[in-house]
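The structure presented is a predicted model; accordingly, all values stated were derived computationally and were not measured.
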Amino acid sequence: MPPDAVPAPPGAHPIQGDRVVLPVEIRDAAVASAMFPVPAAAAQAVIAYSGLEVVRPLPGRAVCSLAFVRYADGDLGPYHEFAVAFLVRPPDGPPDSPPDGPPRKVGAFIHWLPVNQAFTLEAGRTIWGFPKEMADIRMDLASRTKRCLVRVDGRTALELHVRPGVPVPSGRGAPSVDAYSCMDGVTRRTPWTLSPGGVRMRPGGALLKLGDHPVAHELRGLGLDRTRALSVSTVDRLRMTFQEAAEVRT
């Protein structure tokens, strides 16, 4: 190292000529999401490459989550994001957990994560192994019905409409969730802390339109084009913290 060089602090990652220092803080974001019941066997086949196991809160059913997020202020800059995720069992969870029914702790496996900015794309893939790819993501979080349209390489992936429900307490403290990802055959766990405000929830409340992109065909194979959402939620103000990712054995 040159004598005048400043060593990078622990947890610092060079991204496009800048440095991202962990933990990464998101100071202001807004979210709309929907949870769908899907056949557990089909969902397990979709995420088989990760080595993880889907949670079955109901016999034979897993949960697929669709969410769109507008990041207004954070360490990765402003951007839009859409997430396709599945609820999964921690790979080191208790062996006596029933095959149908949630384990003591549930994680979120991020299967598809398009974004609309290059900096967060590189950071997400490099630091956490998140499956980010560039997309045209148009969203409206200001209207009564929240909307998001995702197009990739000129092809429509999906359009999701979410009708907010009634206000619910945000709860005390910041809930912690493990986010899982798998890239290049490596499965990783990222501790993820959320502090939501302005939360609304309701049963049902989602309208999903699928296009001709491969992800749309995959979701259609799970029956999402003809399945009523279990619930939807919207968050007006969300703060998040992402820690360093760690490889896990599955």
Practice problem: Using atom types as modelled and distance alone, determine if a side-chain donor or acceptor of H80 lies under 3.5 Å from a backbone N or O of I137. | Solution: yes

Self-check item: Any residue meeting side-chain hydrogen bond (donor to acceptor under 3.5 Å, both in side chains) with D136, in chain and number order, not counting sequence neighbours
Solution: R138

Using residues 231-242 as the side-chain source, report each donor-acceptor pair under 3.5 Å to any protein atom, sequence neighbours left out, with the distance given to one decimal.
residue : atom : partner : partner atom : Å
S233    : OG   : S33     : OG           : 2.8
T241    : OG1  : E25     : OE1          : 2.9

Practice problem: Check Y180 against G107 and note the closest heavy-atom contact, atom names and distance. | Solution: CE1-CA, 3.9 Å

Quiz item: Do M35 and L87 touch side chain to side chain, with heavy atoms closer than 4.5 Å?
Solution: yes

Self-check item: Any donor-acceptor pair under 3.5 Å from R200 side chain to G165 backbone
Solution: yes

Exercise. Applying side-chain hydrogen bond (donor to acceptor under 3.5 Å, both in side chains), name anything that partners Q16, two or more places apart in sequence or on another chain.
Key: E122

Quiz item: Between the side chain of R151 and the main-chain N/O of G154, is any donor-acceptor distance below 3.5 Å?
Solution: yes

Practice problem: Any pair with a residue in residues 216-238 that passes ring-ring contact (aromatic ring centres under 6.0 Å, His included), sequence neighbours left out, goes on the list, sorted by first then second residue, please. | Solution: none

Quiz item: Any sub-3.5 Å donor-acceptor pair from R125's side-chain atoms to K132's backbone N or O?
Solution: yes

Quiz prompt | H213: ring-ring contact (aromatic ring centres under 6.0 Å, His included) partners, not counting sequence neighbours | solution = W112

Quiz item: Taking only residues two or more places apart in sequence or in another chain, which ones pass side chain to side chain contact (heavy atoms under 4.5 Å, CB included) with P39?
Solution: A42, R61

Quiz item: With R189, which residues qualify under salt bridge (charged side-chain N to carboxylate O under 4.0 Å, His left out), at least two apart?
Solution: D92, D178

Quiz prompt | Pairing residues for R147 by the side-chain hydrogen bond (donor to acceptor under 3.5 Å, both in side chains) criterion, not counting sequence neighbours | solution = none

Could you pull out all donor-acceptor pairs under 3.5 Å where a side-chain atom in residues 66-73 meets a protein atom, sequence neighbours excluded?
residue : atom : partner : partner atom : Å
Y71     : OH   : E81     : OE2          : 2.9
D73     : OD1  : R27     : NE           : 3.4
D73     : OD1  : R27     : NH2          : 3.4
D73     : OD2  : R27     : NE           : 3.2

Quiz prompt | With sequence neighbours excluded, residues passing side chain to side chain contact (heavy atoms under 4.5 Å, CB included) with A123 | solution = I15, L76, I127

Practice problem: Ignoring hydrogens and angles, tell me if any N or O in the side chain of D184 forms a donor-acceptor pair with the backbone of V186 under 3.5 Å. | Solution: no

Exercise. Not counting sequence neighbours, list each pair that qualifies as a side chain to side chain donor-acceptor pair (under 3.5 Å) and has a residue in residues 38-51.
Key: Y49-H111

Quiz prompt | For H161, side-chain hydrogen bond (donor to acceptor under 3.5 Å, both in side chains) partners two or more places apart | solution = E159

